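Structure first, commentary second.
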Amino acid sequence: MNKGLITLGVIGFLFILLGFNACNSRNQMVIKNENVTATWKQVEVAYQRRMDLIPNIVQTVQGYADFEKSTLVDVTNARANATKITIDPSKLDEESMQKFEQAQGALSSSLGRLLAVAENYPDLKANEGFNDLRVELEGTENRIAKARNDFNDVVRDYNTYIQIFPRSIWAGLFHFNTRPYFNAQEGADQAPKVKFDFKDNK
């Protein structure tokens with residue numbers, strides 16, 4: 001009888017430990033998952049800042065009648081396409097991340113081409129308003145790079161946490177899945193750099 005009670009007590013104690021571990025693990029998963037969501041919102045803020053700059057850049061460049069129209073059209077279309085890609089942080093997966101990166105990458109490329117063409121227009125390069133926008137864009141790209149790196153850091157922390165045994169068991173039971181990184185394309189760990197040459201601006 002005593003052995004039976006001891007066995008039941010041990011089993012009960014083990015169940016209590018398992019329950020405590022499961023509850024604690026789930027709480028930590030919720031916290032880390034919320035950190036991923038919050039950091040993703042900062043990524044969106046950084047990219048939105050760039051989106052907001054583009055109309056001003058395009059408007060300034062349009063003042064130069066002989067500026068390549070196709071370049072402006074490409075930037076405008078790329079911005080429109082990137083605006084269409086929105087992601088629910090709770091449903092962030094490899095496919096949605098890849099679409100987001102492709103759209104933002106296309107926008108970065110079109111912006112790069114616009115700035116490269118602008119180098120051929122001395123008057124535009126000397127335009128104070130345009131130069132201010134270029135400097136602001138450069139700062140925005142740095143913000144994007146930091147936001148992406150911060151996101152990868154919290155995703156790495158979350159993914160590592162839920163994949164370590166026995167938390168991997170609870171993650172499966174509570175439906176906590178791994179999140180994707182910014183790594184769908186080469187150089188995705190940092191936002192495209194915007195380089196400016198002001199040596200001819202006087």
Side-chain angles (χ1 to χ4, degrees), residues 36-121 124-125 127 129-156 159 177-198:
V36 172
T37 298
T39 309
W40 174 257
K41 291 184 182 300
Q42 293 304 310
V43 170
E44 290 182 320
V45 167
Y47 275 111
Q48 185 59 50
R49 181 183 175 88
R50 182 171 70 176
M51 293 280 198
D52 294 341
L53 282 174
I54 292 174
N56 293 331
I57 294 174
V58 170
Q59 183 177 12
T60 301
V61 172
Q62 281 178 331
Y64 293 80
D66 59 340
F67 196 89
E68 295 181 11
K69 302 303 180 189
S70 60
T71 303
L72 293 176
V73 171
D74 288 344
V75 171
T76 302
N77 289 341
R79 180 184 184 276
N81 290 334
T83 303
K84 295 176 184 177
I85 307 298
T86 57
I87 299 178
D88 180 349
S90 65
K91 300 177 182 178
L92 186 61
D93 56 19
E94 293 287 350
E95 182 179 358
S96 59
M97 177 68 86
Q98 186 174 13
K99 289 180 180 178
F100 181 86
E101 288 230 75
Q102 288 175 343
Q104 294 296 340
L107 179 55
S108 295
S109 296
S110 63
L111 268 176
R113 288 193 295 272
L114 184 149
L115 294 171
V117 171
E119 290 295 317
N120 299 323
Y121 294 79
L124 178 58
K125 289 174 62 178
N127 182 294
F130 182 65
N131 287 331
D132 288 344
L133 288 170
R134 296 203 303 183
V135 171
E136 193 169 351
L137 179 60
E138 183 177 25
T140 299
E141 293 293 352
N142 290 334
R143 287 171 184 245
I144 290 173
K146 185 179 185 308
R148 288 165 65 109
N149 287 334
D150 289 347
F151 178 78
N152 277 353
D153 286 343
V154 296
V155 168
R156 186 176 297 106
N159 286 348
N177 302 312
T178 57
R179 299 297 194 95
Y181 298 96
F182 273 110
N183 59 0
Q185 59 190 32
E186 186 177 355
D189 58 327
Q190 54 183 318
K193 294 182 179 179
V194 181
K195 297 182 179 179
F196 305 118
D197 181 7
F198 294 102

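Keep in mind it's a predicted model, so treat the numbers as computed, not measured.
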Can you tell me how far apart OH (Y47) and OG (S108) are? Round to the nearest 0.5 Å. 6.5 Å
So I57 and F130, side-chain contact (heavy atoms from CB on, under 4.5 Å) or not? Walk me through it. CA-CA 7 Å; I57 294 174; F130 182 65; 4.1 Å; yes
Backbone N or O of P89 within a donor-acceptor pair of the R179 side chain at under 3.5 Å? yes
Closest approach of L72 and V61, non-hydrogen atoms and distance? CD2-CG1, 3.7 Å
Any heavy-atom pair between the side chains of L92 and P180 that's under 4.5 Å? yes
Would you please test D153 and R156 for salt bridge (Lys or Arg N to Asp or Glu O under 4.0 Å) and show each step? CA-CA 5 Å; D153 286 343; R156 186 176 297 106; 3.2 Å; yes
We want to know whether S110 and R79 form a side-chain donor-acceptor pair, criterion being a heavy-atom distance below 3.5 angstrom. no
Between CZ on residue R134 and CG on residue N127, distance to nearest 0.5 Å: 9.5 Å
R113 side chain near D74 side chain, heavy-atom distance below 4.5 Å: yes
What's the verdict on salt bridge (Lys or Arg N to Asp or Glu O under 4.0 Å) for K99 and E95, showing C-alpha distance, side-chain angles and the deciding distance? CA-CA 6 Å; K99 289 180 180 178; E95 182 179 358; 3.6 Å; yes
Of all heavy-atom pairs linking I85 and F100, the shortest is CG2-CA, 3.7 Å
Given side chains that start at C-beta, do those of L107 and I54 come closer than 4.5 Å, heavy atoms only? yes
Testing the basics here: between F182 and N152, what is the closest heavy-atom pair and its distance to 0.1 Å? N-OD1, 2.9 Å
Side chains of T140 and R50: is there a donor and an acceptor less than 3.5 Å apart? no
Does a donor on one side chain and an acceptor on the other come within less than 3.5 Å for Q48 and D52? yes
Smallest separation among heavy atoms of Y121 and E68, with atom names: OH-N, 3.8 Å
Can a side-chain donor-acceptor contact be found between S96 and D93 if the only test is distance below 3.5 angstrom? yes
Evaluate the side-chain proximity of E44 to M51: yes if any heavy-atom separation is below 4.5 Å, no if none is. no
Suppose we screen for salt bridge (charged side-chain N to carboxylate O under 4.0 Å, His left out). Which residues come up paired with K41, at least two apart in sequence or across chains? none
Taking the side chain as every heavy atom from C-beta outward, state whether L137 and L115 have any atom pair closer than 4.5 Å. yes
Could you tell me if the side chain of E94 sits less than 4.5 Å from the side chain of Q98, heavy atoms only? no
Which heavy atom of R148 sits nearest a heavy atom of V43, and at what distance? N-CG2, 4.3 Å
